[in-house]
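Numbers restart at 1 for each chain; the letters A, B, ... are given by sequence-line order, proteins then strands.
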Amino acid sequence: DGGITQSPKYLFRKEGQNVTLSCEQNLNHDAMYWYRQDPGQGLRLIYYSQIVNDFQKGDIAEGYSVSREKKESFPLTVTSAQKNPTAFYLCASSPGQGYNQPQHFGDGTRLSIL
Amino acid sequence: ILNVEQSPQSLHVQEGDSTNFTCSFPSSNFYALHWYRWETAKSPEALFVMTLNGDEKKKGRISATLNTKEGYSYLYIKGSQPEDSATYLCASDTGRRALTFGSGTRLQVQP
């Protein structure tokens, strides 16, 4: 089945450590997105990519980095500069053409600080 | 960051009741309005994407309307069922092909 796979489901980070969240899609979508959810809040956009080898900062990009070397993959690194990384992270993709395309979401990764 | 606001924050209804939620968004630079349903332990699922003022979309017992001039959208559920229990998210695209989400309306339908 086509879809988006996020791994791991749960991740623990030590202070001062960088961690990378994986997001892979086999939907042949051009666009991919990373969101963060905190309790009681909506999804906030971290980074997005409309095409391979290009990406843009979202609304809360500080302390995060991404790469888009392959169409299928959009990994998110939570760096030690992100002072409050505990949250639920969702990856999404869309075909990318036009403005009437819905986004498809993965199952998420929950990141906690040890 | 442009604010997308949803109300109410949560809603409890009885099975068979009809209900509606509101999403308000900045009407300037409007490109699209999305609605998603997010059930517990699952990933968000797209319901509707609307782009034109006056758009009305329907999927089974769920429908949505859009007013881009005044910046609001309504989501209606007719005859709520327990399986409709979920958080309903709306999100606005202002032309960057990326979404700004509201904080959602959490619906609980009691059998």
- prompt: Looking at B:Q6, B:R97, B:H34, which makes the most heavy-atom pairs under 4.5 Å with chain A?
  reply: B:R97
query: Are A:L11 and A:V66 co-members of a hydrophobic cluster defined by side-chain heavy atoms under 4.5 Å apart?
result: yes
message: Given heavy-atom pairs under 4.5 angstrom as the criterion, report whether the side chain, backbone, both or neither of B:R96 touches chain A.
response: both
field: chain A contact via B:W38 - which portion, at a heavy-atom distance below 4.5 Å
entry: side chain
query: How would you list, in number order, the residues of residues 99-114 of chain A that have a heavy atom less than 4.5 Å from chain B?
result: A:Y99, A:N100, A:Q101, A:P102, A:Q103, A:F105, A:G106, A:D107
- prompt: Within residues 71-88 of chain A, which positions have a heavy-atom distance to chain B below 4.5 Å?
  reply: A:F88
message: Within the supplied structure, the quantity of interest is the number of heavy atoms (other residues, nucleotides, ligands) at a distance under 6.0 Å from A:E69 CD; does it exceed 12?
response: no
query: If you group Ile, Leu, Val, Met, Phe, Trp and Tyr by side-chain heavy-atom gaps below 4.5 Å, do B:V4 and B:Y36 land in one group?
result: no
- prompt: Which region of A:I4, side chain (C-beta onward) or backbone (N, CA, C, O), has a non-hydrogen atom less than 4.5 Å from a non-hydrogen atom of chain B, or is it both or neither?
  reply: neither
query: Linking I/L/V/M/F/W/Y whenever their side-chain heavy atoms sit closer than 4.5 Å, directly or via other members, would A:I60 and B:F101 fall into one cluster?
result: no
- request: Select all residues of residues 42-60 of chain B having any heavy atom within less than 4.5 Å of some heavy atom of chain A, and report them by number, or 'none'.
  value: B:S43, B:P44, B:A46, B:V49, B:T51
- prompt: Under a 4.5 Å side-chain heavy-atom rule over Ile, Leu, Val, Met, Phe, Trp and Tyr, are B:Y74 and B:F21 clustered together?
  reply: no
query: Going only through I, L, V, M, F, W and Y residues with side-chain contacts under 4.5 Å, is there a path from B:L89 to B:L11?
result: no
field: chain B neighbours within residues 27-52 of chain A, where any heavy atom lies under 4.5 Å away
entry: A:Y33, A:Y35, A:Q37, A:G40, A:Q41, A:G42, A:L43, A:L45, A:Y48, A:Q50
field: Whether over 12 other heavy atoms sit under 6.0 Å from B:R106 CZ
entry: no
message: For chain A, which candidate among B:A91, B:G104, B:G95, B:A32 shows the most heavy-atom pairs at distances under 4.5 Å?
response: B:G95
